[in-house]
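Chain naming here is simple, since letters A, B, ... match the order of the sequence lines and numbering starts at 1 in each.
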Amino acid sequence: MIEYLKTFIITTKEYDYICDHLDSELILNLTVMQDNVCEVLQFLTSLGVKNLIAVLLYRPDLCFRDIDTLKEQFMRVDPQLLVNIINHNIDDLVCFSI
Amino acid sequence: MLAGKEIIIGLLKQAIASFNNTDQERQTIITDIDNYKTFLTNFTSPVAITQLSTEMLDRLVENIVPAENQATLVAKIKLLQDLMVEDADQNYQKNLAPEQLMIVEEVKELIIRTISKNQFLISVLNDKAGKAKTKYQELLTLIENNELIKESDYDLLAELVRNYCTVQFENTWDKVLTYLNVRNAEKLGMIFNGQSEKPIIAEESEINDQVALEVPVKPKAAPESERIEIKTAKLEQKLLDFIQKSREKYRAIISNPIEKEKVINTFFDELGFNYEHLDLALKNQLLLYRNVYQLKRLVDYLKSNQTITSNLNPGNLEALAYILSESNEIIIEKVLRQLVYVHDVSDPDLKKIINLMTPIFGEKGSKNFLANAKIFEQYGIDLQVIINSSINVLVVNNKKLREIVKVLSKYPVDIKGIIEKCAIAIGKADDLLIHNIKILENYGFDLTTFFAEKSSSYVILNCYYLAEKIDQIIEAGLGEEIHREPGAAGAILTRMIVKKVSYCFKNNLLTWEKASDSESLISKRVADSGYIIDEPEIRLLVAEHSILGALDDGYRPAIFSLTPLALIRRRTQFQFDQTVISRLKVFRVFKLAIDHGLSESEALLYAITYKTALSAAEYQNIKYIIEKLGG
């Protein structure tokens, strides 16, 4: 149901890890809302985010935000800093109110 | 083929016999309706369920299919009634669990359904009964005599099958429909081509003989005159149109998977979506979980009330498939009513909910949402904030949300602020929010003061690795700095993290120390355990491992006053010469390392040096201290 994630920069190993570690409700949400999830992941990739597995594991809520709202929220932070945080310590993002 | 005919004849006879009900029976049903309506009017709070008599309850549950579920529901209702009656201080009545509230709602729905069913029965029994009875008798005659069936007869039969075969509706209707379509096609063929009767009619005569004893048989029309009459071009076209229309109309009730898929495809089309682009797994889910009759009813509803379809993004096929397979019109109505009328959700936000949290229309999601909505309403939660941060909170497990509110209620806290600012933590599967509150408490935060801070400080509670961040701030010598300004510890901690992240990014430095053996099993265990330690546990650990007692006695900062800062310092730090180490980190990691199988001295060295940047001299000094402590 979430095989579409493989079309993003997620390796088979990472995909298997996601399937093992995400709870069933989140997998359901990723399936049902895949239209928006794809849009968000594409947006993050376009910014230079490479650590999409961290997004899915630690900040899945980002995948279910309206893309325009998300873009607006991201605009408040320096884009390079933002990408660096997501790629290296996504847990810090909450301190920037995102 | 014959099975379909037998079913129709059996059902028609059953329906005709029902008209022989006496006035007394009609009166009983009317009284029942009145009683249920009165009960429903008085059903203003859950406690009213105690007024439901056993007799009424027994009659109510008769309407539940499958019948095996009747006893279960009766048991649940009676238990709830008993609990409420015995509850002297009325705690039960005030604080019903969501499951119990669901039972109350179920009873309400059952009463409404029963009233509706009884009203249908009355309509059958009342003055219209005569007309209906005549219709059924005429139809019986047509079936028995293999006459052509009209479109209105299809409708009448569909209603009959629906009312008398609620459980096996789809299969029964399929058999009936197959019979009627084949029967009519042959009949029309004969009429148009002037063919003689087919052998099937001879077989069916056996049934005709049986029923002829009970129901007067309408004499057959003269075949010759019938042909002349129908063979006019206009009527011919009308009949062909009718057959086509009937097939279209009732195709929806076919249970064959291939046909079913065609019908589902048509439904998507009718709703303005392209079924062909739907994920295969979701196609299978639709085929598996829904019978086409239920789907048709839902599709009709979605067509008449277009809130869902007009708000769904055109490409959001998965959401539509989810709604079709997991929802129904009652759930959708309830959820929409709650969102629009109670929470006054704006159109753009409603669109977001429909597209970004579609499971709110599923059985589980809607139950959680409707129960959560009471909490949102009670504390004045702004749903827009939730929708734009962690929309999942709308459908988060209600038990979990109530637990969070219960914990928060122990403090003089702005629950609205916490729920809105910590939606990310609340929306996560684990109990991150409660976990982080405990961490703050263990690290010496005064929770009452913390909760009195501006709500922007609460974002810290959304961190996944809060304890490790505080550990590293303490080890950077900034532990006291967090508590420097009374009543602002949360804000200072948040600011420190933001500054650290920004500074390290600008100077190309590592923000947080990593474990030197980050790929090892023990390191992963420590990182992912989520284990937190408090003072009572530390005392137990010290009692069990003497080396910890010696460490705790000898290397905590000595204090010369009882100021809060001094106490926090002693509670959270070890001091090895100039090297500050987080005390809670040491005990936490030590416990996990011991559980992993390390010896006391190995575990202690691992715990002290875990994610701490040390020079070679500092590392040697710590090793020496551990040896001195008896490791």
Nearest heavy-atom contact between B:Pro359 and A:Val32 is CD-CG1, 4.4 Å
To the nearest 0.5 Å, atom CG of B:Asn397 lies from atom CD of A:Glu25 at 7.5 Å
Requested in this report: Report yes if some heavy atom in the side chain of B:Phe505 is under 4.5 Å from a heavy atom in the side chain of A:Asp78; otherwise report no.
Outcome: yes
Checklist line | side-chain contact (heavy atoms from CB on, under 4.5 Å) between B:Asn355 and A:Asp35, intermediate numbers included | finding: CA-CA 9 Å; B:Asn355 284 285; A:Asp35 196 32; 5.6 Å; no
Take atom NZ in A:Lys6; do more than 12 heavy atoms of anything else shown fall under 6.0 Å from it?
yes
*Hey, are the side chains of B:Tyr322 and A:Thr31 touching, using non-hydrogen atoms and a 4.5 Å cut-off?*
no
Tightest non-hydrogen contact, residues B:Met357 and A:Asn29, listed as CE-ND2, 4.0 Å
Of the listed A:Val37, A:Asn36, A:Asn89, the one with the largest count of heavy-atom pairs under 4.5 Å with chain B is A:Asn89
Separation between CZ (A:Arg65) and CG (B:Asn392), nearest 0.5 Å, reads 12.0 Å
Going through the checks in order, is the side-chain contact (heavy atoms from CB on, under 4.5 Å) test met by B:Ile497 and A:Asp92?
CA-CA 8 Å; B:Ile497 295 173; A:Asp92 294 334; 4.1 Å; yes
Taken to the nearest 0.5 Å, the spacing of B:Thr511 OG1 from A:Asn84 CG works out to 6.5 Å
Going by heavy atoms in the side chains, are A:His88 and B:Leu510 under 4.5 Å from each other? no
Distance col, row A:Ser97:OG vs B:Lys421:NZ, nearest 0.5 angstrom, shows 5.5 Å
- Item | Check against side-chain contact (heavy atoms from CB on, under 4.5 Å), B:Ile391 and A:Asp66 | CA-CA 10 Å; B:Ile391 197 168; A:Asp66 169 64; over 6 Å; no
Problem - Residues A:Asp61, B:Ser389; criterion side-chain contact (heavy atoms from CB on, under 4.5 Å); working and verdict - result: CA-CA 7 Å; A:Asp61 53 285; B:Ser389 55; over 6 Å; no
Per-residue tally against chain A (heavy atom, under 4.5 Å) across B:Asn388, B:Val459, B:Thr358 peaks at B:Asn388
Honestly, the part of B:Lys469 sitting under 4.5 Å from a heavy atom of chain A is side chain
Between B:Val501 and A:Leu81 the two heavy atoms that sit nearest each other are CG1-CD1, 4.1 Å
One should read off an interatomic distance between A:Tyr4 OH and B:Glu318 CD, to the nearest 0.5 angstrom, of 8.0 Å
Heaviest contributor of heavy-atom pairs below 4.5 Å to chain A, chosen from B:Ser390, B:Ala319, B:Cys463, is B:Cys463
Within-4.5 Å side-chain heavy-atom neighbours: B:Lys506 and A:Gln80:
no
Applying a strict 4.5 Å limit to non-hydrogen atoms, the region of B:Lys364 in contact with chain A is side chain
Applying a strict 4.5 Å limit to non-hydrogen atoms, the region of A:Leu22 in contact with chain B is neither
CG (B:Asp279) and CD (A:Gln34) are apart, to the nearest 0.5 Å, by 5.5 Å
Ranking A:Thr69, A:Ile85, A:Leu62 by heavy-atom pairs under 4.5 Å to chain B gives rank one to A:Thr69
Checked A:Ile98, A:Val94, A:Asp91 vs chain B; the most non-hydrogen pairs under 4.5 Å come from A:Asp91
How about CG on A:Asp16, more than 12 heavy atoms from neighbouring residues, nucleotides or ligands closer than 6.0 Å, or not?
yes
Subject >> Within-4.5 Å side-chain heavy-atom neighbours: A:Arg59 and B:Ile424 >> reply: yes
